[in-house]
Amino acid sequence: MQLSEQEIVRRENLQKIKNLGINPFPEEEFQVSAHAEEVVEGFNEEDGNFQNVKLAGRVMMTRVMGKASFGELQDASGRIQFYVTRDEICPDENKDLYNQLFKKYLDIGDYIGIEGFAFKTQTGQTTIHVKKFTFLSKSLRPLPIVKTRKNEETGEVEVYDAFTDPEQRFRQRYVDLTVNPSVKDIFLKRAKLIATMRSFFDSHGWLEVETPILQSVHGGAAARPFDTHHNTLDIPLYLRIANELYLKRLVIGGFDGVYEIGKMFRNEGMDRTHNPEFTSMEIYVAYKDYNWMMGMVEALIEKIAIEVTGGTIVRYEENEINFAGPYRRLAMIEAIKEYTGTDISQMDEAGLRAFCKELHIGVDDSMGKGKLIDEIFGAKVEEQLIQPTYIIDYPIEMTPLAKKHRTEEGLVERFELFVNGKEIANAYTELNDPIDQRERFESQLQLAERGDDEAMALDEDFLRAMEYGMPPMSGLGIGIDRLTMLMTNQHSIQEVLFFPQMRPLKNQNHVEEN
RNA sequence: GAUUCCGUAGCUCAGCUGGUAGAGCAUAUCACUUUUAAUGAUAGGGUCCUGGGUUCGAGCCCCAGCGGGAUCACCA
């Protein structure tokens, strides 16, 4: 292994620490009694609080001035400045701890523990005056140094030498998280979002469940799956592309409301909004319809916006998005009329195909009527829907698991929620007529024969479950990653996944084949 | 998968028309007991992504590959 100059220095420092008789990787507990943020925000000279505290974390900067030094300690909550003097941390004759370890062998990124009292410096900055210094762990690789300075005139924090290369940030997320505090904030918000969602559902008495990720029939959605194989059973298995059919089986089994938050896997292209594995939330509630579901989604999303961002108005790129309900409800045909000026409700397949040509939308022979309408919607309407909008009542061909519309021929009771031009939720009044369901699956098979590779597979056991009797219900799916992007003003799915999929580097230590 | 841009020190980046590889921070040595992008002085540090080619000479031009970003296609 080729070591850089700085790595060699750090390894030498490690040995020199050992030579001082100090264990650079000590075993014993260091009892932390406070965190950086609470001291910085809570310290008050008059109150005289935080006068005996122990903090631990990484040294992120030192400013050595002879027999005294300042440094910055970063823990899970943030950073705080500390002040060290030689004679206080080395009360005896032996000054090695300060002169050698602190001044020479301590590197940025090392973990230390400090014990002392809070005070304010001449410039008013809350600082820990260190009485006792403990070395906790050595860092052998140099972290990228990100320096910041507050501009006195504008009050803005200017960043110098930021660690910004996306490839390195995603491949080495631990470094990204260490040096870029705003990255950590995104993931705290993501966790808050999921926690809010979970407590909202739990408060209604709906049950959180887990369903198979390894499936022998990849139903419930239309997408290419990842294939795998079970050795003992000697059968092909697929990583789930959806969990809808399993959740419905559970409602058939007698749970009135079930939901699952988990990973789905789709063997498709990757881009700013797609990762091969992504997190979805799906929920099914018995005896409800899609109108009820729209009300529920508004309440949920509004609550999430408040919990995650502090209010219902959220800034995303140039837009201010208002997540306060109720949201506009617009039938798909009406939306197309509004944004193209053309009423397509009476058009047949040939008419739609001609209209697509007129709009310069690429079509092919495998596309049925529903697909053509969806193409027009995708090309002309979707990106216009900035404020939260429900598009309702979709063509039946596209939606084999939704119930036929109660009044409109050829449509199903489905809605999708669009925000900032992107779909973030999809819901139906679920189809619970097993005879209708079988016919829908069969027409999907016909579409597949026609060349539609998105057509859905038939799941015989699911049909059997339905034949035992499925209560009326409404179901909903929400893309957690995309919702997180909206709530944190991020434009790439990679920014809201800790470890986005990356192409493996060549000549890295591969696992040896057995 | 297609198009396009990018890859130079630990990090951020400069590098002219093809002519000895640069800066700031970081690192090393020294000074400094309230600094805060600490400061002052000195020094070291490079597979210019990889492999070919053109050329007297390539970080720069050409070809192929690897990795990443953006856009498009597919998908959520």
Side-chain angles (χ1 to χ4, degrees), chain A residues 2-10 12-13 60-72 79-88 98 103-105 107-109 119-127 129 139-151 157-172 175 179-180 221-225 241-242 264-282 362 378 416 418 422-426 453-454 477-483 485 491-494 500 502-508:
Chain A
Q2 192 79 15
L3 295 179
S4 70
E5 176 201 15
Q6 294 191 46
E7 288 173 300
I8 291 166
V9 167
R10 283 169 181 246
E12 288 170 359
N13 287 344
M60 296 304 285
M61 185 179 291
T62 56
R63 294 182 281 274
V64 177
M65 302 169 302
K67 298 183 189 65
S69 300
F70 285 91
E72 284 174 26
R79 286 194 189 189
I80 189 166
Q81 179 170 263
F82 61 88
Y83 175 69
V84 177
T85 64
R86 183 193 68 183
D87 294 334
E88 280 179 292
Y98 183 79
K103 282 174 70 173
K104 293 184 179 174
Y105 310 150
D107 292 305
I108 288 172
F119 76 106
K120 296 249 187 205
T121 62
Q122 290 174 350
T123 54
Q125 182 170 357
T126 299
T127 302
H129 188 124
S139 162
L140 294 179
R141 286 177 184 261
L143 287 167
I145 303 299
V146 180
K147 293 201 170 189
T148 57
R149 178 170 63 177
K150 191 177 273 184
N151 186 315
V157 176
E158 297 171 0
V159 178
Y160 299 81
D161 299 335
F163 179 64
T164 52
D165 178 4
E167 179 171 4
Q168 293 203 66
R169 287 185 48 230
F170 302 145
R171 287 191 194 278
Q172 302 186 49
V175 174
V179 303
N180 292 327
R224 277 189 295 165
I241 57 174
M264 303 298 154
F265 306 85
R266 296 189 184 177
N267 207 339
E268 310 274 1
M270 294 162 57
D271 63 24
R272 224 174 58 252
T273 54
H274 297 84
N275 194 65
E277 58 181 280
F278 63 100
T279 303
S280 87
M281 189 296 302
E282 295 232 355
E416 291 188 310
F418 287 87
K422 302 267 166 32
E423 179 211 331
I424 65 161
N426 181 23
D453 52 10
E454 293 175 27
I478 293 179
I480 297 291
D481 310 295
R482 291 183 180 182
L483 186 57
M485 288 165 66
H491 315 123
S492 163
I493 196 169
Q494 297 172 110
M502 303 291 278
R503 189 183 294 275
L505 294 174
K506 285 205 162 182
N507 302 325
Q508 294 268 311

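Here is how names work: the chains are called A, B, and so on, in the same order as the sequence lines, proteins then strands, and each is numbered from 1. This structure is a prediction, so every number in the text was calculated from the model and none was measured.
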Heavy atoms only, 4.0 Å cut-off, all strands: where does [X] land among base, sugar-phosphate and nothing?
X        : value
A/Val64  : base
A/Phe82  : nothing
A/Asp87  : base
A/Gly479 : nothing
A/Met264 : nothing
A/Arg169 : nothing

State the pairing partner of [N]; accept Watson-Crick or G-U wobble contacts with both distances under 3.5 Å, and report none otherwise.
N     : result
B/A64 : B/U50
B/U55 : none
B/A14 : none
B/U3  : B/A70

Give the nucleotide from the list [options] with an atom nearest to the side chain of [X].
X        : options             : answer
A/Phe70  : B/U35, B/A76, B/A28 : B/U35
A/Arg266 : B/C32, B/A76, B/A37 : B/A76
A/Glu268 : B/G68, B/C32, B/C74 : B/C74
A/Ile493 : B/A76, B/A26, B/C74 : B/A76
A/Met61  : B/U33, B/G69, B/A38 : B/A38

So, under a plain 3.5 Å distance rule, would you say the side chain of [X] forms a donor-acceptor pair with the base of [N]?
X        : N     : answer
A/Tyr83  : B/U33 : yes
A/Thr121 : B/U35 : yes
A/Asp271 : B/C74 : yes
A/Gln122 : B/U35 : no

Same-atom distance ([atom1]) from [N] to [M], integer angstrom:
N     : M     : atom1 : answer
B/C16 : B/C32 : P     : 45 Å
B/G10 : B/U71 : C1'   : 33 Å
B/G69 : B/C30 : P     : 44 Å
B/C56 : B/U20 : C1'   : 16 Å
B/A37 : B/C48 : C1'   : 28 Å
B/G68 : B/A76 : C1'   : 24 Å
B/A21 : B/A14 : C1'   : 11 Å

Open item on the list: Check A/Arg482 with A/Glu423, please: is the shortest side-chain N to carboxylate O separation under 4.0 Å?
Closed with: no
[X] side-chain N/O to [N] phosphate OP1/OP2 under 4.0 Å:
X        : N     : value
A/Arg482 : B/A76 : no
A/Lys147 : B/G24 : no
A/Gln494 : B/G68 : no
A/Arg272 : B/U71 : yes
A/Arg63  : B/A38 : yes

- [ ] Say whether, by atom type as modelled, one donor and one acceptor occur between the side chain of A/Arg224 and the main chain of A/Glu268 under 3.5 angstrom.
- [x]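 Answer holds: no.
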TODO: Drop me the distance from A/Gln168's CD to A/Met502's CE, to the nearest 0.5 angstrom.
DONE: 10.0 Å
Open item on the list: Can you work out whether A/Glu416 or A/Pro166 has the more 5'-proximal nearest nucleotide on RNA chain B?
Closed with: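 By nearest-heavy-atom nucleotide position, the 5'-most residue is A/Pro166.
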- [ ] Taking atom types as modelled, find out whether A/Asp481 and A/Asn275 have a side-chain donor-acceptor pair closer than 3.5 angstrom.
- [x] no
Show each protein N/O and nucleotides 49-51 of chain B N/O combination with a separation under 3.5 Å, one pair to a line.
none

Open item on the list: So if I define the base as every atom that isn't primed, P, OP1 or OP2, how would nucleotides 3-13 of chain B read as a B/S/- string at a heavy-atom cutoff under 4.0 Å?
Closed with: -------BSB-
